[in-house]
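Everything quoted here is computed from the prediction, not taken from an experiment. Just so we're on the same page: letters track the sequence lines, and every chain starts at 1.
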2 protein chains.
Amino acid sequence: MQWTKVLGLGLGAAALLGLGIILGHFAIPKKANSPAPQDLDLEILETVMEQLDAHRIRENLRELSREPHLASSPRDEDLVQLLLQRWKDPESGLDSAEASTYEVLLSFPSQEQPNVVDIVGPTGGIIHSCHRTEENVTGEQGGPDVVQPYAAYAPSGTPQGLLVYANRGAEEDFKELQTQGIKLEGTIALTRYGGVGRGAKAVNAAKHGIAGVLVYTDPADINDGLSSPDETFPNSWYLPPSGVERGSYYEYFGDPLTPYLPAVPSSFRVDLANVSGFPPIPTQPIGFQDARDLLCQVNVSVYNRLELRNSSNVLGIIRGAVEPDRYVLYGNHRDSWVHGAVDPSSGTAILLELSRVLGTLLKKGTWRPRRSIVFASWGAEEFGLIGSTEFTEEFFNKLQERTVAYINVDISVFANATLRVQGTPPVQSVVFSATKEIRSPGPGDLSIYDNWIRYFNRSSPVYGLVPSLGSLGAGSDYAPFIHFLGISSMDIAYTYDRSKTSARIYPTYHTAFDTFDYVDKFLDPGFSSHQAVARTAGSVILRLSDSFFLPLKVSDYSETLRSFLQAAQQDLGALLEQHSISLGPLVTAVEKFEAEAAALGQRISTLQKGSPDPLQVRMLNDQLMLLERTFLNPRAFPEERYYSHVLWAPRTGSVVTFPGLSNACSRARDTASGSEAWAEVQRQLSIVVTALESAAATLRPVADL
Amino acid sequence: MQWTKVLGLGLGAAALLGLGIILGHFAIPKKANSPAPQDLDLEILETVMEQLDAHRIRENLRELSREPHLASSPRDEDLVQLLLQRWKDPESGLDSAEASTYEVLLSFPSQEQPNVVDIVGPTGGIIHSCHRTEENVTGEQGGPDVVQPYAAYAPSGTPQGLLVYANRGAEEDFKELQTQGIKLEGTIALTRYGGVGRGAKAVNAAKHGIAGVLVYTDPADINDGLSSPDETFPNSWYLPPSGVERGSYYEYFGDPLTPYLPAVPSSFRVDLANVSGFPPIPTQPIGFQDARDLLCQVNVSVYNRLELRNSSNVLGIIRGAVEPDRYVLYGNHRDSWVHGAVDPSSGTAILLELSRVLGTLLKKGTWRPRRSIVFASWGAEEFGLIGSTEFTEEFFNKLQERTVAYINVDISVFANATLRVQGTPPVQSVVFSATKEIRSPGPGDLSIYDNWIRYFNRSSPVYGLVPSLGSLGAGSDYAPFIHFLGISSMDIAYTYDRSKTSARIYPTYHTAFDTFDYVDKFLDPGFSSHQAVARTAGSVILRLSDSFFLPLKVSDYSETLRSFLQAAQQDLGALLEQHSISLGPLVTAVEKFEAEAAALGQRISTLQKGSPDPLQVRMLNDQLMLLERTFLNPRAFPEERYYSHVLWAPRTGSVVTFPGLSNACSRARDTASGSEAWAEVQRQLSIVVTALESAAATLRPVADL
């Protein structure tokens with residue numbers, strides 16, 4: 001047929017043809033091309049928010065915390081099966097799920113020979129024996145599955161000596177005792193939790209020849225000073241006198257025998273004699289009831305044993321429809337010290353509810369995310385983030401290349417007052433977007449965001465008053481993701497009104513009183529804070545997995561860099577100048593970063609106004625996703641195991657600036673120019689300048705040199 | 001309008017509507033989607049092959065080698081300008097080009113006080129003085145720009161002592177002398193080039209208390225035994241008696257003062273006293289004319305100086321049309337020891353011709369590659385791959401994330417006989433595809449491939465008889481790309497018929513006789529071998545930059561792994577078993593890699609038969625591109641600077657297997673079970689198992705756990 005003839009048929013026919021063309025163009029997807037850009041669907045988001053059910057979270061928690069589930073215990077393994085069953089459910093499960101098991105070195109008290117702390121009289125007789133278990137107040141503190149309070153990885157030994165009160169066991173506490181003329185050699189140090197890490201107390205003590213360490217929970221630190229049985233659980237949320245905080249006293253994280261290697265059976269294991277990071281002397285935690293009674297001569301008998309155990313992670317995945325090789329990773333650990341209703345089951349209960357709601361939409365065919373979503377239940381976190389660390393060691397490359405962000409919800413609810421988020425700067429905007437759209441629990445009509453800003457806020461030079469995010473230490477499973485792999489990470493929880501309590505952490509933390517009733521009655525009756533965290537996390541997951549443009553705002557790093565730079569200039573500038581070290585290159589690098597991040601933001605805005613093709617957006621998203629990796633330098637801090645992120649490595653120096661610079665300056669301060677310590681300052685300065693220049697270079701248009 | 005009414009208009013209208021739908025669907029590209037997949041265009045390829053011009057390469061070489069252009073010399077800087085001018089040419093230039101300059105530590109002889117080697121008689125008088133310069137045979141060996149022969153980075157000093165002939169200066173050579181009862185303390189060692197690295201001769205000598213080292217070029221090693229002036233250049237390609245090989249005696253690569261940092265002015269520089277890797281004792285190269293005359297007591301005066309110099313890289317880019325963030329990187333160094341017609345200008349002449357041909361197609365609007373092509377002219381390679389290494393240090397992240405492959409053509413023509421390629425296994429197939437389609441120079445009708453297989457071949461269990469690729473050491477600028485960044489790399493050249501010469505390398509290597517006429521008369525009259533290398537490299541570049549599916553065949557790694565495994569089993573298996581170390585996990589890991597690589601190959605084949613969308617192919621290509629990165633482990637060999645590739649790190653052990661395993665076994669062999677050396681064997685075994693498992697994991701379908 002010739003076109004002239006078709007045209008002869010007149011206007012009606014032309015209109016029909018036109019309609020056909022329009023239909024053909026818009027209504028039928030082209031096969032050879034990629035699916036039409038799929039963006040965040042606000043209806044789906046709304047559905048997910050509605051379906052996240054406080055009652056179901058409560059039921060999850062009841063089941064999860066019904067029995068103690070210490071890492072690698074039979075009940076821990078039962079929960080692995082529970083997770084697998086849920087994630088393989090035909091109606092609300094994921095695409096696939098499996099458990100993966102590592103053989104790791106854990107530490108346990110001996111069942112036959114419990115750890116003992118006795119007070120010994122002048123004639124050698126036992127005057128008082130500390131409690132070996134917590135008081136069975138609710139019927140859940142007894143029985144063989146409640147592990148005796150102990151300091152995991154503390155060595156065995158039976159030291160005896162005079163008791164010396166050493167405050168928090170910080171280096172300055174022992175120095176203070178020394179200046180008071182108190183003899184420390186051969187004594188037992190009584191310290192209280194807080195201030196420095198658990199293991200650090202024993203490390204510091206041993207330097208002074210101390211023979212053993214006791215660590216107790218002070219009512220002033222945990223109970224707002226209250227200590228009598230009628231003022232504590234089960235009559236309030238406060239810790240009973242017999243409560244003892246368990247915990248890992250290992251200095252690093254990951255399996256102690258397989259640093260940088262996955263703890264699979266075939267991996268090389270360091271000889272036990274060469275393991276570093278364990279407490280050097282016997283150490284035992286006790287309750288404040290016993291701490292009060294301690295006098296004079298104390299006998300500490302620790303019979304902890306190291307055991308190789310199998311510990312499992314459970315992983316479940318929802319395959320991405322368009323970019324299956326981009327992972328939004330969401331995780332929490334599963335193991336607890338005892339029942340662990342708060343730590344970690346409050347997080348796991350949310351994990352299960354989130355996977356149920358998303359799994360149901362998936363199985364109904366209503367929705368499939370643009371990118372893959374990976375759910376993880378980590379094993380043996382309490383012993384030192386072991387399951388998550390081994391996972392990152394095993395899959396280092398693919399995780400580093402493909403992970404968009406890691407979201408951690410460990411303890412989901414510390415208390416009912418406000419949201420609290422720790423994270424790297426690029427995640428701030430997605431958390432803000434999510435929380436502005438979700439109603440805060442409790443009376444009134446505030447959004448989570450508006451409530452949050454009342455408790456934690458800061459004045460941003462860019463945005464004005466905004467909620468403030470905390471930075472990520474190594475307190476939970478996000479640590480290997482941010483520090484070892486350089487993946488943008490966050491940790492989300494609901495927490496305290498600090499004007500109402502000064503408790504160091506929720507009072508029954510790591511004790512046998514951290515039970516379902518504790519949560520149900522005191523921490524979050526009605527579970528509305530749990531629901532709020534579930535909604536926040538759910539919204540963040542959807543935004544990260546479904547948005548066409550990744551909602552990671554890299555220019556928000558500029559504020560951090562600027563504040564680190566200002567601190568360096570104000571608090572270190574003069575000192576550095578005295579030693580002829582210029583901050584000029586650092587200023588230039590920060591300015592370059594700011595300019596490139598802003599320019600990239602402009603290019604994204606422009607592109608968003610048009611109709612960019614998926615490959616173009618993928619390239620931009622890769623720049624956003626991989627920015628965080630440019631801050632990694634595995635050779636920056638060779639003595640700090642796993643820590644490679646030059647902005648978030650541990651800071652021991654007092655100046656709140658780039659940690660390598662802060663630490664090196666603090667060590668060099670009292671040495672002469674030209675010392676090795678000053679050379680290290682210069683090296684650290686070059687490392688951070690190079691990282692910032694490299695980061696700016698990755699943000700430039702990709703075909704610019 | 002209701003559908004029922006439209007249907008009432010009858011069949012003709014329906015047909016029109018249908019036609020419209022068809023037109024709308026097929027004839028109008030959907031705006032929101034990406035451009036149609038762009039694949040390798042065979043016509044363009046043919047055009048490029050035809051336009052690569054031997055005559056122009058010759059003219060390039062004439063210009064490039066007209067004057068000596070030692071790194072950082074004025075003439076070296078002139079060549080920077082020449083490259084910039086060519087790459088910015090409006091008719092045959094690239095999209096953009098720029099020079100980037102580093103401040104690096106180089107080493108030069110003193111102009112005022114030349115290095116001296118004298119033979120001293122029994123009474124202290126000078127019996128013979130070695131030549132301070134090469135004989136001015138062609139008029140190009142004289143003048144101030146011809147640097148005096150010297151050992152770069154050898155320390156100054158004026159040792160005097162008895163001369164001891166120490167063969168190649170290997171550790172076993174000195175041991176042999178010791179067993180012969182020859183006193184080495186305080187002597188001058190005369191060694192010949194070859195066998196071990198330049199710097200290693202001085203390192204080994206110093207261990208025996210030797211005071212100075214001379215290194216000469218033996219006619220047996222370089223001239224097939226010929227040594228008289230009428231048998232050597234300018235009468236043949238052989239080295240004249242006065243010729244002296246210059247070279248860097250630095251043990252590592254990169255700027256010695258800024259390991260792991262770019263040598264920008266602001267970077268921290270190691271204190272000179274703490275630099276490692278320089279020869280420990282004065283060292284000087286000499287010609288065989290002088291070597292023949294050396295007797296008894298020798299006085300060596302070395303006055304080398306270290307200087308901080310600016311050295312430039314020149315970078316030019318052709319922006320990719322579809323995936324500008326994927327880089328095909330092609331480079332060669334620019335600096336020479338003297339005129340450097342062969343080393344490196346034979347490569348640079350090709351670089352310029354390739355960029356001219358591609359630039360012309362670009363400027364005409366005929367062609368733009370799918371991916372970006374980056375051309376690089378490196379500075380100060382001769383001093384230790386300095387320009388390329390600093391570049392990788394400065395842009396570590398973006399290069400590692402985005403580079404598809406690195407192609408190096410340094411010396412492009414050693415001789416006229418055959419192609420020679422060194423590279424990692426994934427590049428084999430693209431080189432084969434390219435060379436099968438290009439006619440070999442010389443008489444006959446063979447392809448480069450068919451000619452190549454006559455000289456270098458092996459029997460592949462998969463393919464039968466194929467040309468064999470060599471593996472990549474650290475002989476040129478590919479080293480930082482493969483060893484430090486884990487980028488698939490290759491080095492391409494034309495080379496000898498080994499049945500015709502046993503020359504260690506082309507005879508005038510690093511001497512003042514490496515001139516244009518030398519190439520024009522002896523090495524490649526007519527420049528057809530240069531053209532063959534240009535065509536090979538050009539075809540490889542186009543295939544890597546334009547093919548829809550990346551032509552990197554990752555399954556070709558399986559053969560290498562299998563052969564390493566077999567060597568480990570055959571040559572180390574019994575020894576390992578004696579020490580209760582099992583190769584089982586390694587067997588499993590290799591099998592897993594083989595299976596996953598084969599399965600990925602299958603998925604690619606299937607996809608190629610359909611019409612996959614660009615995002616799908618991009619995801620697959622990322623798996624192919626990033627495979628090589630999974631073999632990197634920056635913590636595997638902490639004592640080997642930059643070397644992180646667990647398959648290609650330097651191997652000192654004799655068993656041709658995984659280098660970490662081979663080296664560790666060779667060190668542990670004579671120690672007892674349970675020694676630290678055996679623990680290191682186990683650690684190295686775990687490192688390679690983890691790398692192979694990780695590699696296999698990245699090849700799996702991306703949404704599999």
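- Interatomic distance, CZ of A:Arg629 versus CZ of B:Phe396, reported as 13.5 Å (0.5 Å rounding).
- Atoms OG1 and CZ, on A:Thr690 and B:Phe395 in that order, are 11.0 Å from each other to the nearest 0.5 Å.
- Heavy-atom distances place both the backbone and the side chain of A:Glu323 under 4.5 Å from chain B.
- Using a 3.5 Å distance cut-off with no hydrogens or angles, the side chains of A:Asn397 and B:Ser694 do pair a donor with an acceptor.
- For B:Thr698, the parts lying under 4.5 angstrom from a heavy atom of chain A are both the backbone and the side chain.
- Proximity to chain A (any heavy atom under 4.5 Å) is restricted, for B:Arg326, to the side chain, taken from C-beta onward.
- For A:Thr630, the parts sitting under 4.5 Å from any heavy atom of chain B are the backbone and the side chain alike.
- Residue B:Glu676 qualifies as open at atom CD: its count of foreign heavy atoms under 6.0 Å is 12 or below.
- The OH atom of B:Tyr260 sits 11.5 Å away from atom CD1 of A:Ile687, with the distance rounded to the nearest 0.5 Å.
- With chain A as the partner, the residue from B:Asp622, B:Leu315, B:Leu626 showing the most heavy-atom pairs under 4.5 Å is B:Leu626.
- Of the atoms belonging to B:Gln400, not a single heavy atom falls under 4.5 Å from chain A.
- A distance of 13.0 Å separates OG1 in B:Thr258 from CZ in A:Arg683, rounded to the nearest 0.5 Å.
- Annotation: maximal heavy-atom pairing with chain A below 4.5 Å, among B:Arg402, B:Arg319, B:Gln684, B:Glu98, occurs at B:Arg402.
- Neither the backbone nor the side chain of A:Leu586 has a heavy atom closer than 4.5 Å to any heavy atom of chain B.
- Counting heavy atoms from C-beta on, the side chains of B:Arg269 and A:Gln682 never come closer than 4.5 Å.
- Between A:Ile317 and B:Ala703, the shortest heavy-atom distance links the atoms CD1-O, 3.4 Å.
- When A:Ala679, A:Ala691, A:Ser372, A:Gly584 are compared by the number of non-hydrogen pairs under 4.5 Å with chain B, A:Ala679 comes out ahead.
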Which is it for A:Glu401 and B:Glu401 under the side-chain contact (heavy atoms from CB on, under 4.5 Å) test, yes or no, and what are the steps along the way? CA-CA 8 Å; A:Glu401 290 160 6; B:Glu401 289 160 5; over 6 Å; no
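- A:Pro634 is listed as a side-chain neighbour of B:Arg635, based on a closest heavy-atom distance under 4.5 Å.
- The minimum heavy-atom distance linking A:Leu261 with B:Ser686 is given by the pair CD1-CB, 3.6 Å.
- Nearest heavy atoms, B:Leu615 versus A:Arg370: CD2-NH2, 4.1 Å.
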